[in-house]
Structure formats: structure tokens, C-alpha cells
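Every heavy atom of this structure was used, including side-chain atoms; hydrogens, water molecules and symmetry mates were not. Just so we're on the same page: letters track the sequence lines, and every chain starts at 1.
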Number of protein chains: 2
Amino acid sequence: MTGNGDTLPAATVYEVAERAGVSIATVSRTFSDSGKVAARTREAVLQAAQELQYVPAAAARALAGRRTRALGAVLPHIDGHYYSQLLVGFDIAASELGLSVVLALASPDGVHSPHALDLLGRVDGIAFMAPSGADDEFVARVAGVRPTVTVARGRVEGADAVHAENRAPARELTAHLLEHGRRRIGFVGRPEEGSDIAGRHRGCLDALEDAGLSLVRLYEVDPVEDAGREVAERILREPIDLDALVCGNDELALAVISRLTAGGVRVPEDLAVTGWDDTVAARYITPGLTTVRQEIEQLGALAARRLAARIDGSPAADPVTIGSRAVLRASCGCAEPA
Amino acid sequence: MTGNGDTLPAATVYEVAERAGVSIATVSRTFSDSGKVAARTREAVLQAAQELQYVPAAAARALAGRRTRALGAVLPHIDGHYYSQLLVGFDIAASELGLSVVLALASPDGVHSPHALDLLGRVDGIAFMAPSGADDEFVARVAGVRPTVTVARGRVEGADAVHAENRAPARELTAHLLEHGRRRIGFVGRPEEGSDIAGRHRGCLDALEDAGLSLVRLYEVDPVEDAGREVAERILREPIDLDALVCGNDELALAVISRLTAGGVRVPEDLAVTGWDDTVAARYITPGLTTVRQEIEQLGALAARRLAARIDGSPAADPVTIGSRAVLRASCGCAEPA
DNA sequence: CACCAGACTGTATGCGCTTACATCACGGAT
DNA sequence: ATCCGTGATGTAAGCGCATACAGTCTGGTG
């Protein structure tokens, strides 16, 4: 038999109060440090609490205080750099604000489990970090009843929005390709209304227009490896006159490069390729992947802070955007650095 | 001005009860489907609830029901494949059991924010997914008062434990290296008591012993890219007679290969290298990284289910281990597949 | 036709905490 | 000496729900 198996009932304010020789109100005040407790008393309470291993019951606090002190985070249940960083930033910022984070992973297509609703009863505000999709309606509904922030999604009435910069960097990235002498450019990714990839697509078109050119081809696919491989295969099968491919994210770009290279296409000599996100693999593939790095953690932190502000009564604010910077490696045609 | 800014106070059982023409007990029963409600009544309640956009307040349920219906997950705040998958598995399993997940990220060195304590007041059970470290004491303390499960950590009295298989696969992997004719093998990673990497190290030694050999060198470093690069640099600087390197994880292996290759060492011809985790980059680097793949999601799911069982009264059970399988690519000396 | 077992539903209590409001002690101002 | 402001603490009333216990109503039995 390992351990005692059972757990003793936790101490309550009453027991702490009795032990410290004060009333429960004083215990409560001590733990919510409203500053209204004399130093001596405070010490005594803390001491008693420590001895009893007292931890305030969040449920009771939430019920009495009418706020849960928790934030909800909805993201697709896929692993990967982007969402991990987002979540890390969100959690750190939330915990700095004294808020807990409750998770609600949605399936990648945006369908929520019935428990996504439970979330509403658990938190003071919700951040939607999954890409726009089947849950648009749900988001709008939530935004009507709780402080809500969307992360890199289409605009929702009543919700705050935070974004990573897409259009301008995409424009620069594409312009960079043009400087390398590329002229026949294709884009890989589905530019869905309000999504990150739509912004990247737009920026790519901007640069092209600046140069009096137009996009040779749009491969409208999901931003996943499989889709990237398929695009590469289509290119190998029906060669078209393309000298650069701007991919909506690194997953696509990596798969494209890998498959194309295996098929005999030289990257970047025959075809330059760029990605977006600066994932780990981007710096291990050959040639190194030229991509865009963003402070996704900051984005997550921003979301948490906006939510907290809304909860504290601030009105919804204008969308906020965080910056990004290109990481030039070899896949665009630059010389591989030492 | 965007949105109404304010949120209406949420509906309660009282309002639903009144609208449906029943008592609050019936509303409560309907939502906790204890099966004690007549179909007609149930319909009426659901209807009323829908109209009022009623969502049960988790805090009140928790307080009255004496259980939060939430699990806590403690993991280091680093991004990466492994922890994402773990969390995804944990969350999916938890939500299938009707439980929410509250996050508590600890800094990578195991130091918890003061808010890690809050977690105790918020959940019915806690899973520690961060590697053993500065928080060992905290884990033991939690295990004394709440159902607790450790994931890939050293044994803790009173806590359940789940692990991924390490020793046996490491033995096989090393044996595979021996089959390739390698004899002078080194290990990269710090084999800390009870950790995954300790198991891998042990398995590596097993295979060596089986063959009457011994480890040529142990590079005892943290399992991160920087450390891998430093090991590679040390090897370039002070060449030692090594023909294979078993790395504690992919991060190390990738960094080692990358740096070594840049320094003129041919992998796998001069030196074979293996990793662990089968991260994304493992299949994009050249040569493809031979590594071990594990169903980390399953591990997370297992943790959630054990916790739920403990909460429902089951006693602590014996540690559980999930399997794994080697993924042979080219870095071990195998021919690169098509 | 009286009686009883279910099957439902209602009443009432309390989960552990926050927070208005009341109380009290104390010291300076008048 | 009296009055009153100030700061510290206590009192008590819920917060929204689960649930034990007590009805109420049906239909089947003897």
C-alpha cells in the first residue's frame, strides 16, 4: 500500500480564525490583503494558517467575491511551437496578475467539446486562440456575455483583438525575393478572412503590386505538412514557371522544400521558398529556411493583459498588433551564414 | 465604441426554475443528470435554461458539491513538442471525464510562482509534469493532501506515477548502433535520479554491457540545444575516439549534428548520432535523425485518468509505463529511406 | 376501495468565503 | 472633561448550487 490514499478535509477560515484568536473576517482580509489588518494580527493569522496548511478555497472565494480570478484559453489541440508559446505567454502574464488559467482545447477544426461551455461558468474572461472556423458563432456569443479577446482571428463584435503583424513583414519578405531577382511568385496557404495567413497573402500581393507584378499562382491549402507535400507533388507533376514560393507558415514551407528537393528541384537555385514562424526545424533543414520570427509569447501575454483590463472594467480597446522580423537564411537565395 | 462593454449578470438556478415553473432542486438535478427528473420536466428546464443562456456557476457547484471537477497540470513554461503533446493528451482525457484543466507553469528550474499554491485551492488533483527539480518538496507536500500523479519524475510517496518506457528502447537503440559496427559510444545528457534521461542512460549502458563494452564518455549536460552545441564544440576542440553518440533527446542530437557537420565531421560516417522524441526537426535535418517515438499524448491521458480514479476513491496504484518505438533514419548509419 | 411502493418534486440547509455595516478603543481637538 | 474622527475588528448576510429529507401523486394490489 502506497500512501494513505485518503486526504484530510482541508482547513477553513473558521479553523484559522479560531487558532489565531480572531474572526473569520480578519482571516479573509489577511489573505486578500486589503491592507486593513494590523501587522501583529496579520502575523498571527499567517502563522495559524501555516500551521494548518490552510489554502483558501477558490470556489468559495469566487462565489462570495463574484469573480473567479481565472481566465479561459481556447486553443486547438495540436502541439507545436506557435500554440505552446502563445500559452506560455498567456499563463505567465495571467499569473503575474494573480489569475489562473483554465484550458479548453478545441479540435483543430474549431469544434468545441460540450465542455467548452463549462468554461463559461468557470472564468471571468476568455481568450480564443484557435484560428477562425466552426466556432465563430460561439465566440460571438461568448463575447456578448464575458470579456473576450481573440488572438489572430477575424474581428468579433464586442471582443478585443490582438494580432501579430503580418501584412508589412510579408510585403518586405516578398520584396526581398524580388531583390533576389525572382519574378514569378506563388503563395501557399488559405487566406481566410481575418486570419494571419490572409494578412501574409495580402502583404505578398502588396509587394508584387509595388513592382508591377502579380501573383502567378495561389495554392489554397490548409497550413499543415501534408498539404505542403501535396503542393510540392503537384508542382513536380505539372511543372509551372515559378521561381519563388511564399508559404503561409513553416510547416508548409518545410514540407514543400523537403518534397521538392527529393524530387530533384534545387532550392533556392530553381525555386526560392520562404516560411513563417521560425520553428525549430527551420534552422535545421538544408537549405536553412528564410522565415519570419514573431514574439508569440508577447502576443499571449498581451491577450491576458487585455482580458484582465476588461474584467476590471476597461472598455474594449482597439486591436493591438505585435511586431515581427524576417530571419534570412538560405532558402530565399541568400548566402548561408557561417 | 465597440460592443456594450459591460456584461449582464448571469442567470442563476432561481431564474431558470421560475421560468420553467419548477424548484431550483429540479433545475440542479436536470443539470447534474442524476436521472431523477421526468422527461417532460427536463425538457422544460432545458428550454428555460437555453432562453436565459444559463450556464451553471462552477464555483457554486464546487462549493456545494465539495469537488471542483478540475485537475491541475504543472509543467515547465517552455514550449516544445513533448510538453504540448502531454498537455493535449491530459486535456482531452480530462474533458472526456467531464473535468476541466487548470494550468500552472513553473519556471524551467522547477521554481513555482506563488500561484502554484493557489492551484491547490482550485483543483481536485494535480499532475506534475515538470522534471524533478527544485519543487520535489512541494510535490511531496501536495501528494499528502490531494490526489497527485507524477509524470516521468522520481518516485514520490503517496503519488501515482506514470512513465514512458526508456531503458528498454535505449538498450535496443544502442544495440542497433553496435550492429552498425560502432564500438566507442558516448552518451549526452544528465542522468538525474528518476528522470527519463536516467533511464535512457541506463539502457545504453545495458546494451554496452551485453556486448562486453563500456561507455567511452558521458557528457553530463542539460537537455537543451545550447548544451548540445557546446558538446559538439568540445568534441571538435579535443577530438576523442568516438564513433557514436547517444543523445538524451532530439534537441541535443540536432544541435550536436548541426555543429559537428559545420565543423567538418561527417555524420554518420565519422560519428553516428541518435536522439529521443522524434521532434519535427528530426525528419528535416540532414542526415535524418534516428530517434525514438513515444505516444506522449497517451502518457498525458493516462495521467488524467489515474488522477480521476484517485479522486473517485481508488487507492494509489503501481507506476504505469507506456511503450515506444525506434524510428530509424540515417544518422545511425542506416540507409536514408526514399 | 383502502393501502403502499415507487417515481418525482419541493423545502431547507450549508458549502467557505467576501463584504457592507456596526462596534470599539483611542487620542487629539475643543 | 466631552466629542468625534480614525483605524482595527467583529457580526451577519448572502454568493449559486447540491442534496438530505419530506412530501405528493400514480398506479398496482389485496
Overall bend - the helix from C/dC1-D/dG30 to C/dT30-D/dA1, comparing terminal axes fitted on five pairs, nearest 10 degrees:
60°
Quick test of your reading of the model: are B/Arg305 and B/Asp160 salt-bridged, counting only N-O distances below 4.0 Å?
no
At a cut-off of 3.5 Å, list every protein nitrogen or oxygen paired with a nitrogen or oxygen from nucleotides 25-27 of chain C, distance to 0.1 Å.
none

D/dC15 base / B/Tyr14 side chain donor-acceptor hit below 3.5 Å
no
From the set C/dT18, C/dG16, D/dC17, return the single nucleotide nearest to any side-chain atom of B/Tyr54.
D/dC17
Rounded to whole Å, the CG-P distance (A/Leu52 to C/dG16) equals 14 Å
Can you check the A/Arg40 CZ to D/dT9 P distance for me, whole Å?
10 Å
Answer yes or no: is there an ion pair linking A/Arg153 with A/Asp135, defined by an N-O contact shorter than 4.0 Å?
yes
I need the residues from residues 59-69 of chain A with at least one non-hydrogen atom less than 4.0 Å from DNA chain D; give them sorted by number, or say none.
A/Leu63, A/Ala64, A/Arg66
Pairwise N/O distances under 3.5 Å, protein to nucleotides 4-9 of chain C:
| unit_1 | atom_1 | unit_2 | atom_2 | d |
| --- | --- | --- | --- | --- |
| C/dT9 | OP1 | B/Thr41 | OG1 | 2.2 |
| C/dT9 | OP2 | B/Ala38 | N | 3.0 |

To the nearest Å, give me how far apart CZ (A/Arg122) and P (D/dG16) are.
17 Å
Who are the side chain to side chain donor-acceptor pair (under 3.5 Å) partners of B/Arg19, not counting sequence neighbours?
B/Glu51
About how many Å separate CG of A/Asp91 and OG of A/Ser100, when rounded to the nearest 0.5 Å?
8.5 Å
Pairs touching residues 19-50 of chain B that satisfy ring-ring contact (aromatic ring centres under 6.0 Å, His included), sequence neighbours left out
B/Phe31-B/Tyr54
Counting only side-chain N and O atoms of A/Thr12, is one of them less than 4.0 Å from OP1 or OP2 of C/dG16?
no
Figure out the CD1/P separation between A/Ile24 and C/dT18, and round it to whole Å.
9 Å
